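Notes to accompany the following structure.
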Amino acid sequence: MTATCEIKGFTFSAAHSGLHDGVYERMHGHTYTVTVWVHGEPDRHGVIVDFTLVKQAMRELLQSLHHRVLIAREPVAGTVRMAGNELHLTDGAKRYVLPAEDVALLPVANTTTEAIADHLLNGLIPALEGRPGLYEVEIELAESPGTSVIAAADLMAALP
């Protein structure tokens, strides 16, 4: 038997400016919601995954993004550089100077919902890898009601 655990109720608020069709959209914010699904076979006690483990890992991931401006560390267009306690972002005609403590630099090329979902997924995987019976994890990131992305990973792919 296989089953799926759904863990929801995670939220964080952040600003971003994604690159679309070669142009950065205006800086704006969302209150994102996150849902996690873990797929696997229940152990001898009937448990697929300890909810506390997933909740703790997600809280830690989201805390680093909450109330931050999400910036691509190496953007596909424009430049990002640190100068003292400030982050300087240029994207052609626009120039932003932000306090470094207000920014979350992400290892993505663009701060689209897809890229942020993948970043969260990659951050959650280490907490789940090697746990017997688990074979897939999915994260849904919604930037508004009716607008979301689902990123998925095969947990078995990393096993020898």
Side-chain angles (χ1 to χ4, degrees), residues 2-21 23-40 42 46-78 80 82 85-87 89 91 94 96-131 133-155 158:
T2 62
T4 300
C5 290
E6 179 181 68
I7 304 112
K8 53 186 172 181
F10 304 107
T11 63
F12 69 100
S13 297
H16 76 126
S17 175
L19 182 69
H20 297 278
D21 297 323
V23 177
Y24 278 93
E25 61 190 344
R26 288 184 182 201
M27 186 80 63
H28 64 283
H30 300 284
T31 296
Y32 293 94
T33 60
V34 181
T35 302
V36 176
W37 292 276
V38 179
H39 306 278
V47 175
I48 297 169
V49 68
D50 182 350
F51 291 156
T52 305
L53 172 83
V54 175
K55 288 178 180 181
Q56 181 61 33
M58 287 306 302
R59 278 190 211 103
E60 289 173 11
L61 283 167
L62 299 181
Q63 181 180 5
S64 67
L65 306 180
H66 189 55
H67 288 165
R68 300 286 194 280
V69 180
L70 309 180
I71 303 289
R73 184 178 296 143
E74 295 181 22
V76 292
V80 172
M82 293 297 293
N85 293 327
E86 296 177 336
L87 180 129
L89 170 66
D91 64 355
K94 295 179 186 175
Y96 297 97
V97 178
L98 302 163
E101 67 184 356
D102 291 352
V103 173
L105 277 175
L106 303 182
V108 299
N110 194 359
T111 56
T112 60
T113 305
E114 295 86 344
I116 297 166
D118 193 54
H119 169 70
L120 292 173
L121 181 66
N122 289 330
L124 180 60
I125 288 172
L128 301 174
E129 281 181 322
R131 302 215 174 250
L134 300 185
Y135 60 84
E136 185 180 30
V137 60
E138 297 176 279
I139 288 183
E140 179 180 28
L141 179 64
E143 64 177 31
S144 61
T147 307
S148 66
V149 170
I150 296 176
D154 179 351
L155 296 171

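As the structure is a computational prediction, the values presented were derived from the model and not from experiment.
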Residues passing the side chain to side chain donor-acceptor pair (under 3.5 Å) test with Asp102, sequence neighbours excluded, are none

Is any side-chain heavy atom of Leu89 less than 4.5 Å from a side-chain heavy atom of Leu98?
no

On the 0 to 90° scale, with breaks at 30° and 60°, tag the Phe12-Tyr32 ring pair as parallel, tilted or perpendicular.
parallel

- Message: Do Val34 and Ile139 have side chains that approach each other closer than 4.5 Å (heavy atoms only, starting at C-beta)?
- Response: yes

- Heavy-atom donor-acceptor pair, Asn122 side chain to Asp118 backbone, under 3.5 Å: yes

Contacts of Leu128 meeting side chain to side chain contact (heavy atoms under 4.5 Å, CB included) (sequence neighbours excluded), chain-then-number -> Val38, Val49, Leu53, Val54, Leu124, Leu134, Val137, Leu155

| message | Is the shortest side-chain heavy-atom distance between Ile48 and Pro42 below 4.5 Å? | response | yes

Taken in chain and number order and not counting sequence neighbours, the residues that satisfy side chain to side chain donor-acceptor pair (under 3.5 Å) with Thr113 are Glu143

Smallest heavy-atom separation, Phe10 atom then Leu62 atom, equals CB-CD1, 3.6 Å

Sequence neighbours excluded, the answer for side chain to side chain donor-acceptor pair (under 3.5 Å) partners of Ser17 is none

Sorted by chain and residue number, the salt bridge (Lys or Arg N to Asp or Glu O under 4.0 Å) partners of Lys94 (sequence neighbours excluded) come out as none

So Leu120 and Val36, do their side chains get closer than 4.5 Å, heavy atoms only? no

Taking distance alone, no hydrogens or angles, what donor-acceptor pairs closer than 3.5 Å link side-chain atoms of residues 69-77 to residues at least two apart or in another chain?
none

So the side chain to side chain donor-acceptor pair (under 3.5 Å) pairs with at least one residue in residues 57-72 (sequence neighbours excluded) are Gln56-Glu60

Residue set satisfying side chain to side chain contact (heavy atoms under 4.5 Å, CB included) with Ile150, at least two apart, ordered chain then number -> Trp37, Glu138, Glu140

Smallest heavy-atom separation, Ala117 atom then Val149 atom, equals CB-CG1, 4.2 Å

Heavy-atom closest pair (Ala115 atom, Asn110 atom, distance to 0.1 Å) is CB-O, 3.0 Å

Does His39 form a side chain to side chain contact (heavy atoms under 4.5 Å, CB included) with Thr2? I'd like the steps, not just the answer.
CA-CA 7 Å; His39 306 278; Thr2 62; over 6 Å; no

Residue set satisfying salt bridge (Lys or Arg N to Asp or Glu O under 4.0 Å) with Glu6, at least two apart, ordered chain then number -> Lys8

Taken in chain and number order and not counting sequence neighbours, the residues that satisfy side chain to side chain contact (heavy atoms under 4.5 Å, CB included) with Thr33 are Thr11, Ala142

Any side-chain heavy atom of Met27 sitting closer than 4.5 Å to one from His16?
no

Hits for side chain to side chain donor-acceptor pair (under 3.5 Å) against Glu136, two or more places apart or cross-chain, chain-then-number order -> none

For Ile7 and Phe51, the nearest pair of non-hydrogen atoms, with its separation, is CG1-CD2, 3.8 Å

What one should report as the nearest heavy-atom pair of Ser13 and Thr31 is OG-OG1, 3.0 Å

With sequence neighbours left out, the residues meeting ring-ring contact (aromatic ring centres under 6.0 Å, His included) with His20 are none

